[in-house]
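Written out below as structure tokens is the structure these notes cover.
Keep in mind that the numbers below use all heavy atoms, side chains included, and drop hydrogens, waters and symmetry copies. Note that this is a predicted model, so its numbers are computed, not measured. In what follows, chains are A, B, ... by sequence order, proteins preceding strands, each numbered from 1.
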There are 2 protein chains.
Amino acid sequence: MIKVMVIDDHPIVLEGLKNLLSSRDDMMLAGCFGTGKAGLKAIKELEPNVVLLDINLPDISGADICRQLRRQDKETRIITLSIHNERPVIRNILQAGANGYVLKNSVGEEIITAIHTTLDGRPYLCRKTQEIMSQVGEGDLVEIPQVTRREKEIMELVSKGMTTGQVAAQLFISTHTVESHRKNLIEKFDAASMTAVIKLATRYGLI
Amino acid sequence: MIKVMVIDDHPIVLEGLKNLLSSRDDMMLAGCFGTGKAGLKAIKELEPNVVLLDINLPDISGADICRQLRRQDKETRIITLSIHNERPVIRNILQAGANGYVLKNSVGEEIITAIHTTLDGRPYLCRKTQEIMSQVGEGDLVEIPQVTRREKEIMELVSKGMTTGQVAAQLFISTHTVESHRKNLIEKFDAASMTAVIKLATRYGLI
DNA sequence: AATAAAATCACGGATTCCGGGGATATCCCC
DNA sequence: GGGGATATCCCCGGAATCCGTGATTTTATT
């Protein structure tokens with residue numbers, strides 16, 4: 001019996017996956033969680049064979065969750081779910097230690113296949129994802145930078161249109177500090193300006 | 001026999017819809033097009049009963065296509081397809097004259113239901129969309145501004161991180177002109193800065 | 001305990017952005 | 001033909017941003 005855990009903050013997706021799993025008699029649902037924190041804790045306790053993980057959770061990024069699990073040298077297979085079909089996003093999560101990537105508009109069958117394939121020790125990408133990854137070209141060298149909690153916070157406020165001064169006031173820190181973070185972000189994203197950073201971050205689902 | 005036309009620039013989606021329609025004997029495919037321009041022309045000639053329209057086409061925005069069709073007082077039902085599940089996007093396209101809105105991660109059944117419902121003269125929103133639209137709150141008063149071709153161009157270049165001067169050089173226009181466009185965009189989006197504009201535009205699928 | 005990473009603060013100068021004006025030419029639709 | 005939308009161009013001043021360079025403190029991780 002395969003123990004499957006689901007971590008996703010969308011109730012509808014959760015519901016759908018529940019139904020999918022309960023229709024199979026070789027799998028069982030080992031828990032449903034809506035946040036990364038709760039999910040991580042539960043994985044340690046319940047030790048599921050497979051985790052279906054939404055990579056856009058409110059608290060922790062999917063990549064971070066993967067890294068934390070891999071650091072503990074877990075055998076748990078991680079199949080990531082996402083609506084994002086951009087190369088850098090996919091590669092980023094795979095590099096972080098995910099075993100599979102399935103777009104949310106895939107059919108249930110693909111998820112079942114993904115579970116079996118990853119348990120066999122092979123990675124699994126859904127149809128559409130395979131297509132995307134097999135195309136050579138443009139966005140090839142783009143890496144998704146690792147942003148810190150604070151930097152993410154800064155990006156979110158800046159993307160709302162707040163100026164450096166306003167962000168500083170909101171976070172009770174100096175404008176100089178905010179400027180430092182902005183500079184670091186521009187450098188990390190290898191962007192020409194904060195505007196470009198915001199576009200990339202939005203597109204990659206970081207904010 | 002219901003004549004259904006599909007306008008979508010994603011071959012995979014096109015393929016899926018083709019299969020879906022060919023499996024029904026009360027519907028027929030009245031043409032497949034990958035651009036708004038080709039689609040609009042074809043609608044005038046073929047006069048389909050229903051158009052399945054991706055709202056993010058490379059050349060013309062989905063909302064513009066709806067408006068153009070509605071201006072001609074066509075009876076054609078328009079069912080829009082999209083991956084975007086944001087309130088403003090949905091409301092915008094419905095206001096432009098669409099009869100239905102179906103998220104791309106919906107099942108084929110929903111599309112069939114959408115076709116029948118809209119032909120009965122009623123609007124149709126897919127399950128998820130209904131949920132989103134029935135939630136009251138936050139993004140309620142947000143309208144998606146109507147941007148011109150030129151403004152869109154400016155947004156795209158700015159979002160790449162180009163400065164006003166660089167954009168002007170690229171487009172062979174004066175920096176003053178670029179500044180005017182930026183100002184107009186900020187005003188149209190009711191944003192505090194260009195950064196916020198880019199975020200909104202990215203999120204709404206405008207760029 | 002030691003090293004690394006993240007977060008904090010600081011200065012100065014060149015450049016850019018934003019908001020407030022105004023002006024002209026073109027195209028499309030009624 | 002007139003009105004409206006679009007695209008183009010111009011000016012100015014105050015504010016904010018970007019970039020280089022540097023440093024301190026807090027917080028993990030080993």
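In terms of heavy atoms, A/L171 sits closest to A/E153 at CD2-OE2, 3.5 Å. The two residues A/C66 and A/L53 have their closest heavy-atom pair at SG-CD2, 4.2 Å. What you find for A/Q146 and A/E151 is that their closest heavy atoms are O-OE1, 4.2 Å.
Taking A/T164 as the reference, A/R182 meet the side-chain hydrogen bond (donor to acceptor under 3.5 Å, both in side chains) condition, with sequence neighbours excluded.
Of the possible donor and acceptor atoms, one in the side chain of A/Q130 sits under 3.5 Å from a partner among the backbone N and O of A/L125.
Between the P atom of C/dC17 and the CG atom of B/L185 lies a distance of 13 Å, rounded to the nearest Å. Atom pair A/K152:NZ and C/dA6:C1' shows a separation of 17 Å (rounding to whole Å applied). Here the P atom of nucleotide C/dG19 and the CG atom of B/D190 are 11 Å apart, to the nearest Å. We find that NZ of B/K188 is positioned 10 Å from P of D/dA5, with the value rounded to whole Å. The nearest whole Å value for the distance from the CG atom in A/D64 to the P atom in D/dA28 is 14 Å.
A salt bridge does not link B/K3 to B/E47: none of the charged side-chain nitrogens sits closer than 4.0 Å to a carboxylate oxygen.
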How would nucleotides 8-22 of chain D be written as a contact map, 5' to 3', with B for base contact, S for sugar-phosphate-only contact and - for no contact, using protein heavy atoms under 4.0 Å? BBBB----SSBBBB-
